[in-house]
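First up is the structure itself, then whatever we jot down about it.
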Amino acid sequence: MTDENLALLAVGAAQEILEEYLEPRPRTNERLILDRLVEILEQPSLIIAVGRMQRDHRLTDD
């Protein structure tokens with residue numbers, strides 16, 4: 001899987017969680033939602049992929 005694909009999957013999953021959170025209903029599970037977002041966005045493979053993408057972006061901007 002490419003870095004871009006990994007990042008897109010993570011962003012899509014995070015968006016689904018946020019959409020669920022934004023549904024009009026009582027909110028008593030903020031911590032659970034935050035934990036789910038952290039689980040997705042703090043995956044070591046995602047952190048590495050985003051780091052490579054940022055580095056590559058900086059290299060092409062020079």
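These values consider heavy atoms only, across backbone and side chains, with no hydrogens, waters or symmetry-generated copies. Positions are given from 1, in the same order as the sequence printed here.
Not a single side-chain hydrogen bond (donor to acceptor under 3.5 Å, both in side chains) links Arg55 to another residue, sequence neighbours left out. The side-chain hydrogen bond (donor to acceptor under 3.5 Å, both in side chains) test applied to Glu20 returns Arg36, not counting sequence neighbours. Annotation: side-chain hydrogen bond (donor to acceptor under 3.5 Å, both in side chains) contacts of Asp35 (sequence neighbours excluded): Arg31.
Within the hydrophobic cluster formed by Ile, Leu, Val, Met, Phe, Trp and Tyr side chains joined at under 4.5 Å, directly or through other members, Leu34 is accompanied by Val38.
Looking at heavy atoms from C-beta onward, Asp56 lies out of side-chain contact with Thr60 at the 4.5 angstrom threshold.
Within the structure, side chain to side chain donor-acceptor pair (under 3.5 Å) contacts touching residues 43-52 (residues at least two apart or in different chains) are Asp3-Arg52.
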Please tabulate, one pair per line, all N/O donor-acceptor pairs under 3.5 Å involving side-chain atoms of residues 4-18, not counting sequence neighbours.
residue : atom : partner : partner atom : Å
Asn5    : ND2  : Thr2    : OG1          : 3.3

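Hydrophobic cluster membership differs between Leu41 and Ile48, with clusters built from Ile, Leu, Val, Met, Phe, Trp and Tyr side chains linked at under 4.5 angstrom. Under the 4.5 Å side-chain heavy-atom criterion for ILVMFWY residues, no single connected hydrophobic cluster contains both Ile47 and Leu37.
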